[in-house]
Amino acid sequence: MPANGQHSRSRAARIARAVAAAGTGAAVLALPLIGATSASAATTASATTVASTVSYPNNLDGWIRASLAVMAEKGIPGTYNGIYRNVIRESSGNPMAINLWDSNAAAGTPSKGLLQVIAPTFAAYHVSGTSWDIYDPVANITAACNYAAHRYGSIDNVFGAY
């Protein structure tokens, strides 16, 4: 029989792995709820490592889910649907999209990436732990969501060019 508390921690670990494998990004949120005993008080601290160790598919779904995991770690609001809606409107899901015709482009600072972020905005709202490459899908989504959170409360509140 396992030592006292070991059984619940292994069950919690199995649940966390199952949630993470489902790709919901919810593992970061679920960890504090499933193992919060005195023997596992470090559960919350370990939650931040889960998102960085989970493997997401290299496609739009995976990029959004990876970004949501980082956003959960950093306290940036937003939902899958809010991000997806804006990505489709801004770039049709193309991480290499660049706008060479709008006022930003005319001013020499074109919008780039999945959420069409200009370089100064990307730099100002970059989220630590993500790439500094504006075309990196997760970095682009996360920085744009960070900007939207500061400007509009959440990417979920953005329904047009921002």
Side-chain angles (χ1 to χ4, degrees), residues 16-17 19-34 41-162:
R17 281 193 302 273
V19 171
T24 63
V28 172
L29 301 174
L31 280 173
L33 302 174
I34 58 179
T43 301
T44 303
S46 67
T48 57
T49 61
V50 170
S52 62
T53 60
V54 174
S55 179
Y56 296 94
N58 189 24
N59 59 28
L60 181 56
D61 179 68
W63 302 327
I64 292 173
R65 292 182 189 285
S67 183
L68 284 167
V70 174
M71 290 165 57
E73 289 176 5
K74 306 294 184 178
I76 301 168
T79 64
Y80 186 100
N81 290 339
I83 295 168
Y84 182 84
R85 179 186 71 243
N86 282 284
V87 164
I88 295 305
R89 185 191 63 252
E90 293 291 334
S91 68
S92 299
N94 176 3
M96 299 305 290
I98 184 166
N99 183 329
L100 297 174
W101 56 267
D102 72 358
S103 60
N104 289 319
T109 311
S111 304
K112 300 175 181 177
L114 287 171
L115 283 169
Q116 293 294 282
V117 181
I118 61 172
T121 301
F122 180 81
Y125 291 93
H126 175 263
V127 176
S128 65
T130 65
S131 169
W132 278 96
D133 178 359
I134 197 168
Y135 290 106
D136 177 88
V138 174
N140 189 280
I141 292 170
T142 310
C145 288
N146 193 24
Y147 166 75
H150 283 87
R151 174 95 180 184
Y152 305 103
S154 171
I155 192 72
D156 298 335
N157 299 329
V158 178
F159 292 93
Y162 57 106

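Computed over heavy atoms, backbone and side chain alike; hydrogens, waters and symmetry mates excluded. All figures in this text were calculated on a predicted structure; none of them were measured in a lab.
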Minimum heavy-atom distance Ala69-Tyr56, with the two atoms named: CB-OH, 3.4 Å
Spatial distance of atom CG (Leu115) from atom CD1 (Ile83) [nearest 0.5 Å]: 7.5 Å
Taking all heavy atoms of Gly78 and all of Leu68, pick out the closest pair and write down the distance. O-CD2, 3.6 Å
Would you say Arg89's side chain and Gly160's backbone share a donor-acceptor pair under 3.5 angstrom? yes
Rounded to the nearest 0.5 Å, how far apart are OH of Tyr80 and CZ of Arg65? 5.0 Å
So NE2 of His126 and CD1 of Ile134: to nearest 0.5 Å the spacing works out to 10.5 Å
For Val158 and Glu90, run side chain to side chain contact (heavy atoms under 4.5 Å, CB included): C-alpha distance rounded to whole Å, both residues' side-chain angles, the deciding distance at 0.1 Å, then the answer. CA-CA 11 Å; Val158 178; Glu90 293 291 334; over 6 Å; no
So, Tyr84 versus Asp61: side-chain donor-acceptor pair below 3.5 Å or not? no
So which atom in Thr142 and which in Ser67 form the shortest heavy-atom distance, rounded to 0.1 Å? OG1-OG, 2.7 Å
Derivation of the side chain to side chain contact (heavy atoms under 4.5 Å, CB included) call for Tyr147 and Tyr152: CA-CA 8 Å; Tyr147 166 75; Tyr152 305 103; 4.2 Å; yes
Look at the rings of His150 and Tyr125 and say which category their plane angle falls in: under 30° parallel, 30 to 60° tilted, over 60° perpendicular. tilted
Indicate the atoms forming the closest heavy-atom contact of Gly82 with Asp156, along with that distance. CA-OD1, 3.2 Å
Side-chain contact, heavy-atom cut-off 4.5 Å: Asn104 with Asn99? no
Do Ser128 and Lys74 have side chains that approach each other closer than 4.5 Å (heavy atoms only, starting at C-beta)? yes
Kindly say whether Val87 contributes a backbone atom to a donor-acceptor pair with the side chain of Ser91 at under 3.5 angstrom? yes
Can you tell me how far CE of Met71 sits from OG1 of Thr79, rounded to the nearest 0.5 angstrom? 8.0 Å
Kindly indicate, with the supporting measurements, whether the criterion side chain to side chain contact (heavy atoms under 4.5 Å, CB included) is fulfilled by Val70 and Ile141. CA-CA 10 Å; Val70 174; Ile141 292 170; over 6 Å; no
Please give me the minimum heavy-atom distance between Pro137 and Leu114, naming the atom from each residue. CB-CD1, 3.6 Å
Pair Trp63-Asn140, side chain to side chain contact (heavy atoms under 4.5 Å, CB included): steps then yes or no: CA-CA 10 Å; Trp63 302 327; Asn140 189 280; over 6 Å; no
